[in-house]
Trainee: 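Here it is, the structure in full.
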Amino acid sequence: MNREEPKVYIPEEAIRGRVRELGRRISKDYARVENLHLVGVLRGSFIFLADLSRALTIPISVDFLALASYEATAAPKAPVRLITDLRTDISGRDVLIIEDIVDTGRTLDFLMSLLASRGPASLKCCALLSKPACRKTAVRIDYLGFEIPDVWAVGYGLDDKERYRALPYIGIPGR
Ligand code: 5GP
Ligand code: MG
């Protein structure tokens with residue numbers, strides 16, 4: 001088993017600074033709403049959501065859902081499947097999806113349609129990472145931490161077969 005630490009790609013301090021900045025921008029943009037409802041996509045977003053939520057200076061509530069991706073070959077028309085749904089009704093609420101990383105865009109596309117169909121007052125997305133070179137479905141990311149190239153990123157919530165989620169930085173594992 002490879003015990004080497006992943007190579008640092010985005011250091012802890014850079015993430016902290018960017019999360020603070022996103023927190024300021026989001027707090028400003030939503031200054032006039034009564035409450036911002038954060039919807040975290042499990043499991044990869046849990047650390048980002050924990051830090052971002054504490055960088056916000058507006059009233060928030062938090063809920064989670066869990067998704068799984070099918071292999072493209074198994075279900076080409078439904079690459080994403082809902083595993084655990086939200087616990088609360090989002091109709092009439094201001095919803096911000098919190099994602100770890102947008103790769104092909106299929107997950108976010110699925111999620112935006114699903115949540116939009118439930119009648120929120122507003123629906124936007126905040127992602128820590130985006131790999132624009134890998135996009136297969138056009139999606140809008142309203143708030144983005146970092147653009148990265150086509151690499152496999154781990155750490156700060158993201159895993160490689162369940163390893164590395166608790167790393168404080170974004171890294172690239174040696175193969
Ligand atoms: P998409 O539907 O945009 O192709 O994929 C989104 C999901 O694939 C992400 O939420 C994440 O779970 C997974 N994913 C895509 N790229 C990476 C990566 O570089 N590292 C990790 N750990 N997960 C990734
Ligand atoms: Mg994800």
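Since the structure is predicted, the reported quantities are computational estimates derived from the model, not experimental observations. Atoms within each ligand, like the ligands themselves, are counted from 1 in listed order. Residue numbers start at 1 and run along the sequence shown.
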Trainee: Just which atoms of ligand 1 are under 4.0 Å from any heavy atom in Val151?
Mentor: 19 (O)
Trainee: Got Ile101 and Leu158 here, is their nearest side-chain heavy-atom distance under 4.5 Å?
Mentor: yes
Trainee: Any idea which atoms of ligand 1 are less than 4.0 Å away from a heavy-atom of Lys131?
Mentor: 16 (N), 17 (C), 18 (C), 19 (O)
Trainee: Less than 4.5 Å apart, any side-chain heavy atom of Val102 and any of Arg135?
Mentor: yes
Trainee: Report yes if some N/O of Gly105 lies less than 3.5 Å from some N/O of ligand 1; otherwise report no.
Mentor: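 Between Gly105 and ligand 1, an N or O pair is found under 3.5 Å apart.
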Trainee: Would you call Arg16-Glu13 a salt bridge at under 4.0 Å N-O?
Mentor: no
Trainee: Between Arg93 and Ser61, does any side-chain donor sit less than 3.5 Å from a side-chain acceptor?
Mentor: yes
Trainee: Going by the atom numbers of ligand 1, which of them fall below 4.0 Å from some non-hydrogen atom of Arg106?
Mentor: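 Checking each atom against Arg106, I get 2 (O), 3 (O).
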Trainee: Do ligand 1 and Ala153 have nitrogen or oxygen atoms that lie under 3.5 Å from each other?
Mentor: yes
Trainee: Could you tell me whether Glu99 approaches ligand 1 through its side chain, its backbone, both or neither, with non-hydrogen atoms closer than 4.0 Å?
Mentor: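 The part of Glu99 near ligand 1 is the side chain, not the backbone.
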Trainee: Heavy-atom contacts with Leu158 under 4.0 Å: which atoms of ligand 1 show up? List them by number with element.
Mentor: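 Result: 20 (N), 21 (C), 22 (N), 23 (N).
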Trainee: Between Tyr156 and Asp51, do the side chains contain an N or O donor and an N or O acceptor separated by less than 3.5 Å?
Mentor: yes
Trainee: Which N/O/S atom belongs to Glu99 and is the closest one to the Mg ion (ligand 2)?
Mentor: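 Nearest N/O/S atom of Glu99: OE1.
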Trainee: Do Thr137 and Asp109 pair up side chain to side chain, a donor and an acceptor below 3.5 Å, judged on atom types alone?
Mentor: no
Trainee: Any heavy atom of Val154 sitting closer than 4.0 Å to ligand 1?
Mentor: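 Heavy atoms of Val154 never come under 4.0 Å of ligand 1.
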Trainee: Check each atom of ligand 1 against the heavy atoms of Asp159 and keep those under 4.0 Å away; list them by number with element.
Mentor: 21 (C), 22 (N)
Trainee: Just going by heavy-atom distances, which of Phe110, Trp152, Tyr156 is nearest to atom 21 (C) of ligand 1?
Mentor: Trp152
Trainee: So does Arg165 pair up with Asp159, basic N to acidic O under 4.0 Å?
Mentor: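 Yes, charged N to carboxylate O under 4.0 Å.
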Trainee: Counting non-hydrogen protein atoms only, what is the nearest one to atom 1 (P) of ligand 1? Give residue, atom name and distance.
Mentor: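 I find the closest protein heavy atom is Thr104 OG1, 3.2 Å.
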Trainee: Does any part of the side chain of Pro168, heavy atoms only, come nearer than 4.5 Å to the side chain of Glu12, both counted from C-beta?
Mentor: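 Counting from C-beta outward, Glu12 and Pro168 do come under 4.5 Å.
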Trainee: Measure the distances from the heavy atoms of Asp109 to every atom of ligand 1 and state whether one is below 4.0 angstrom.
Mentor: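 No, Asp109 has no heavy atoms under 4.0 Å from ligand 1.
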Trainee: Taking the side chain as every heavy atom from C-beta outward, state whether Thr88 and His37 have any pair of such atoms under 4.5 Å apart.
Mentor: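 Answer yes - side chains close enough.
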Trainee: Is the closest protein non-hydrogen atom to atom 8 (O) of ligand 1 under 4.0 Å?
Mentor: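 Given the 4.0 Å limit, the answer for atom 8 (O) of ligand 1 is no, no protein heavy atom qualifies.
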Trainee: Among all the protein's non-hydrogen atoms, which is closest to atom 11 (C) of ligand 1, and how far away is it?
Mentor: Ile101 CG2, 3.6 Å
Trainee: Will you find, in the side chains of Tyr143 and Asp29, an N or O donor that is under 3.5 Å from an N or O acceptor?
Mentor: yes
Trainee: Examine the proximity of ligand 1 to Asp100 and report which part, side chain or backbone, both or neither, has a heavy atom under 4.0 Å away.
Mentor: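 Contact part for Asp100 vs ligand 1: side chain (C-beta onward).
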Trainee: Tell me, which N, O or S atom in Asp100 is closest to the Mg ion (ligand 2)?
Mentor: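 Closest N, O or S atom of Asp100 to the Mg ion (ligand 2): OD1.
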Trainee: For ligand 1, which is the ligand I care about here, please tell me if Thr107 has any N or O atom under 3.5 Å from one of the ligand's N or O atoms.
Mentor: yes
Trainee: In this structure, are over 12 heavy atoms from other groups packed under 6.0 Å from Glu162 atom CD?
Mentor: yes
